[in-house]
Protein chains: 2
Amino acid sequence: MLPLNISAYIIPGTDAHLSEYIAPRDSRLTFMTGFTGSAGTAVVTRSKAALWTDSRYWLQAERQLDCNWELQQSYSVGNIAEWLIAQVPLGEVIGFDPFLFSLQTQENYMLNLMSSNRSLAPVSENLVDQVWKDRPAVSPENLIRLPDRVILRSWQTKVELIRSQMRDNPYKPTALLLSALDETAWLFNLRGNDIPYNPFFYSYTLLTLDQIWLFVHTHRVTEELRRYLNASCVDSLCVQLKSYDSVSENIESYVSQIGVKVWIGTEYTNYALYQLITPQDKLLTSSYSPVLMTKAVKDETEQRILREAHVRDAVAVMQLLLWLEKSVPGGKETELTAANYVNTCRSKQNDNRGPSFETISASGPNAALAHYSPTNETDRKLTPTEMFLLDSGGQYLDGTTDITRTVHWGVPTALQKEAFTRVLMGNIEISRTVFPTRTRGVNIEMLGRRALWEVGLNYGHGTGHGVGNYFGVHEWPVGFQSNNIPFTAGMFTSIEPGYYKENDFGIRIEDVAVIVPYQTQYGNHFLTFDTVSLVPYDRKLIDVSLLSAEQIQWLNNYYQKIRTVVGPELDKQGLSEENEWMLRNTEPFPAPGSSSSNCSSSLTLLLLALAFTLHHSRII
Amino acid sequence: MLPLNISAYIIPGTDAHLSEYIAPRDSRLTFMTGFTGSAGTAVVTRSKAALWTDSRYWLQAERQLDCNWELQQSYSVGNIAEWLIAQVPLGEVIGFDPFLFSLQTQENYMLNLMSSNRSLAPVSENLVDQVWKDRPAVSPENLIRLPDRVILRSWQTKVELIRSQMRDNPYKPTALLLSALDETAWLFNLRGNDIPYNPFFYSYTLLTLDQIWLFVHTHRVTEELRRYLNASCVDSLCVQLKSYDSVSENIESYVSQIGVKVWIGTEYTNYALYQLITPQDKLLTSSYSPVLMTKAVKDETEQRILREAHVRDAVAVMQLLLWLEKSVPGGKETELTAANYVNTCRSKQNDNRGPSFETISASGPNAALAHYSPTNETDRKLTPTEMFLLDSGGQYLDGTTDITRTVHWGVPTALQKEAFTRVLMGNIEISRTVFPTRTRGVNIEMLGRRALWEVGLNYGHGTGHGVGNYFGVHEWPVGFQSNNIPFTAGMFTSIEPGYYKENDFGIRIEDVAVIVPYQTQYGNHFLTFDTVSLVPYDRKLIDVSLLSAEQIQWLNNYYQKIRTVVGPELDKQGLSEENEWMLRNTEPFPAPGSSSSNCSSSLTLLLLALAFTLHHSRII
């Protein structure tokens, strides 16, 4: 920092593609701080070092940071900027790696520092990498192409589809720059293995109206793949392979031409590449690229196979739940054995490619940390006296899954039962709601919280995120966050309300659902959710008296669907004990209206009395 | 435009304070186009002229524009920019009056034109004013101060309160610029008469830590007011009166000092004044000024008197509804006579200062236009065969009111009854919902739509807006829009779902409610709404079988409150017929559960049968 004349350096926890999950070689934040949580930003000044992370990770960060680091708890660019203003003298410079900031992030820091007379400067070489001696190398594994059976649209079809959107755009872009890793992977129906749990590979694409430049580590592209990509020509449907590291110079030279205009999505383009596209009339921005917008709506095949992956996934989760019911009383099972068991069950399902994220297996107070994953040090025994939360998912060639179930093997407390029921009510209220097409998730997500709010409870995380077809388990921009795009038919999202009582227990109920058309009485263009995760909820934790008639009806329909759809798969796999377990746990709940059942029992009693009386009076 | 070398000129429908309602001298859009709607933007190029407005006004605009004007229907900066790109040749300049653009608006046009190679330039003199020969003058009326009985905080207290917020701000502003008309009026407890229905006066304030500069038309400030404002000194609690037209030069000279920093709210500061505050380290921005944020939460007195104003306002609306019930069958009443009647009723209430906006009195198909107000040409007879919608409000010294009731004097159709009931369900669901403090209106407003969505209905306007204490009837930034601030206790907002069937009928049910703390079972810091508009809904239009038990209970509680609160006021005013009408219309609805009533009738029948049988068998 001294030779560069920088007074502070910002270290974000992302990579050059602004990925949510990153490869070990991009874990600069962990290398610097020791902190391994998935969200955080560090700042180093000449005399201090501080880390910001969100409430999920405060405890973990306290444990992982040594005394050189201050832990800061209000995690926002505004708060980091305030801290910087307090630490950095007037007139001095704050540095950052422009490959690790989105356009948005850079602007955000700028706005917050603007009136403080401290300046923000990109530093071309990453300062952490300069001291990171044994930084892991890029994975040497080859890229793979998806088999035809999971594909409806060839890469050529997709390229033409995106080009037609470029032509239709009134600002007449001549090129589209794809920076997010799933953009390039989606466009070419390719996958890789560079990031744990995420089948991504380092890449950029510059798609022009008549050329395709794919920036990858070219030695990882086999001969067969080169043929698949038409990599030996330069026509409009030939993929020209270029070195991953040459992306900057190639963009610079493209932009230097007259009459070109490059379209970028601002949320996933890093500041370094954005800066190359000058002057501004060569730039066209939207929040998300047309690839991300198109990918958000699954095609017919993607919808079908993603549903199918969820059926096999349900089998694995049912196997786990049955096994836990039987094994936990034995006293030998722990969070780790449960996580291993479900991972093993999934691995036996067709087309499984491992878990889609690190399994969250949390018992008792551990589950109150919404994103806890067990380690050898923290591993907790499972017992019938504590609640257990399992949030896990699988990667399958045909789809990515993500499901959370919370169970109790003993006698839940009244609060546990009430909170669980209200979390379930939240899940049901979102799932059964009818809404006009293009409604935003953020405008309906309160339905997931309302039953909790009524009694003064709430949860501190989001309510759901998109999922992919053998892609990221958090597939943005679909979901319930404020920067997510409006819902249309064919999108998949998780629905996952929860409740967490510190040092006591945690509840989350998470299903994946697809958005489908709904035929209303008077209007058209209305939608609802169709749940594709197919595993019953713990009956012991449901207080039916809190549910409305509509909620019970939804639940019974859902359970009927589990029987109809997962039953045959359990049969096919010869899992008869699991089938019985499933049938036991999907018994319909009695129709509501305790008054009417009270009424019918009164009637019965009265009829009995009448019969008795009449009998004794010898009329009958 | 020719001498200025401008190819297009943008004419927005606002004033230099970015007011929603404007004075006649600011109605440049109407002067140019003939269109009188409250929302619109015109653009004039060298060969074309176009007007954009939203769907509420398309019909009206068609009627009012002559053939020189094109009506454009997609009203957004993005669409206007697209049109400009199509009309204005490459490299040419688009002009605008920087006093009529907010910082936000300017940025928005910039972003949309940025990559098109057309530039956007402020033009210092307004081009419309140059051709507007008989432009109305500024009102000559004096400003008035509010009486002490409607004030808890003196202007001195408010000034110190805002200064303490300036001192607490980590960016250390030295001055605050107030541009919105209600900011200055609120700070000094003053009112004026410059804008129809809005007690505002042209003004800016520059509040520094030790001085107060009030920019007004100084000849409108009486000697008494000068004494009230300490206008003859220069201390920190003396208001220095400066000419309204000198605001730019005074800001320029203030900013030229070393070490100053001016805080502005970006939503209500015009681009002309913003531009004067340079370099950027002399500027501090937030969306809304601390005055707007503070004003949004009413103090104890403001809450009490705003509730009181609503009680007197309810009397006027009840007088109207009773009178219509009796008069409409006579066949002589029209939309205009109804509007006049309610305005007259309000004018007789204590402290009334006229209507708070142009009364919307709409019968049958006219009500399907959400913001229709009757004229002599459109005036429609009121009959028992059509629904009638009245949206009206009053200005009172102690508060501003806004209420909508929809009624039917004959037999409503099944759809009318269902739609009305579902609109009412929306109103109730918002009103009774419990939510954590700082929840945003936009995140709960779907509750106003959900019952409609279920059957495929919806409405095309917002769900509510803040109201003031003798201020604007739309008092932002409180409300259910996406740019509104989070709810906290003490804010007032309207709640106004609706349904509109083109060429047939329109329904809206609007109440004002105050946000109050709610004691939940488990948590603190939860809020709910307490409705302060106190007029019953048309019973004939309510299908009780659609309501949930909770909705019926809310309705019965609300009706009980009307009896308790408005009853005594009707008595006091000697309105016994209105009191009887009120009692008739606030009869409690039977508790729900048709099953339990079926059950008790079965029991009754059975008991009768039993008695009969036993009687005949001579046991009894």
Side-chain angles (χ1 to χ4, degrees), chain A residues 82 85-86 111 114-117 170-171 173 261 280-285 415 418-419 433-436 439 442-447 449-450 452-458 482 518-526 548 593 595-596 598-600 602-603 606-607 609-610 613-614 616-619, chain B residues 82 85-86 111 114-117 170-171 173 261 280-285 415 418-419 433-436 439 442-447 449-450 452-458 482 518-526 548 593 595-596 598-600 602-603 606-607 609-610 613-614 616-619:
Chain A
E82 266 189 42
I85 291 168
L111 282 175
M114 189 168 79
S115 69
S116 77
N117 205 8
Y171 294 93
K261 181 175 295 186
Q280 281 217 313
D281 60 8
K282 296 200 166 173
L283 179 71
L284 170 62
T285 63
L415 176 63
E418 170 158 14
T433 201
V434 174
F435 54 91
T439 296
V442 70
N443 292 339
I444 58 176
E445 74 106 44
M446 68 82 65
L447 293 177
R449 303 178 187 269
R450 195 180 184 202
L452 291 161
W453 287 354
E454 271 172 13
V455 292
L457 306 178
N458 201 0
S482 56
Y518 181 86
Q519 190 48 56
T520 67
Q521 193 177 351
Y522 300 111
N524 295 317
H525 311 301
F526 282 78
S548 70
S595 69
S596 87
N598 286 346
C599 163
S600 60
S602 312
L603 275 174
L606 199 65
L607 284 169
L610 177 62
T613 312
L614 296 184
H616 281 263
S617 65
R618 287 175 196 152
I619 293 177
Chain B
E82 266 189 43
I85 291 167
L111 283 174
M114 191 167 80
S115 70
S116 76
N117 206 9
Y171 293 94
K261 182 175 293 186
Q280 281 217 312
D281 61 8
K282 295 200 167 173
L283 179 71
L284 170 63
T285 62
L415 176 61
E418 171 158 15
T433 201
V434 173
F435 54 92
T439 297
V442 70
N443 292 338
I444 58 176
E445 74 107 42
M446 66 83 65
L447 293 177
R449 303 177 186 271
R450 195 179 184 204
L452 291 162
W453 287 354
E454 272 172 12
V455 292
L457 306 179
N458 201 0
S482 57
Y518 182 87
Q519 191 48 56
T520 67
Q521 192 177 352
Y522 300 112
N524 296 316
H525 310 300
F526 282 77
S548 71
S595 69
S596 85
N598 286 347
C599 163
S600 60
S602 313
L603 275 173
L606 199 65
L607 284 169
L610 177 60
T613 313
L614 297 184
H616 281 262
S617 64
R618 287 173 197 155
I619 292 176

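A note on names: the letters A, B, ... follow the listed sequences, proteins ahead of strands, and every chain is numbered from 1. The model shown is predicted, which means the values in this text are computed figures rather than measured ones.
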_Counting only non-hydrogen atoms closer than 4.5 Å, does A:Asn458 touch chain B with its backbone (N, CA, C, O), its side chain (CB onward), both, or neither?_
side chain

_Rounded at 0.5 Å granularity, tell me how far OH in B:Tyr171 sits from CG in A:Asn117._
13.0 Å

*Taking everything shown except B:Phe526 itself, do over 12 heavy atoms lie less than 6.0 Å from its CZ?*
yes

_Structural part of B:Phe435 lying under 4.5 Å from a heavy atom of chain A_ = both

*For chain B, the option from A:Glu418, A:Arg449, A:Glu445 that forms the most heavy-atom pairs under 4.5 Å*: A:Glu418

*Report the option among A:Ser482, A:Pro436, A:Pro173 that has the most heavy-atom pairs separated by less than 4.5 Å from atoms of chain B.*
A:Pro436

_Does any backbone or side-chain atom of B:Ile85 lie under 4.5 Å from a heavy atom of chain A? Answer side chain, backbone, both or neither._
side chain

_Given heavy-atom pairs under 4.5 angstrom as the criterion, report whether the side chain, backbone, both or neither of A:Ile444 touches chain B._
both

*Just give me the residue among A:Val434, A:Val455, A:Val442 that pairs up with chain B most often, heavy atom to heavy atom, under 4.5 Å.*
A:Val455

*For each of B:His525, B:Glu82, B:Glu454, B:Met114, tally heavy-atom pairs with chain A at distances under 4.5 Å, and name the one with the top tally.*
B:Met114

*Report yes if the side chains of B:Thr439 and A:Met446 come closer than 4.5 Å at any heavy-atom pair, otherwise no.*
no

*For chain B, which of A:Leu452, A:Leu111, A:Asn524, A:Leu447 has the most heavy-atom pairs under 4.5 Å?*
A:Leu447

*By side-chain contact (heavy atoms from CB on, under 4.5 Å) - contacts of A:Leu415 (at least two apart)*: A:Thr413, A:Lys501, A:Phe505, B:Tyr522

*asked:* Only pairs of heavy atoms separated by less than 4.5 Å count here; which of A:Lys282, A:Arg450, A:Gln519 has the most with chain B?
replied: A:Arg450

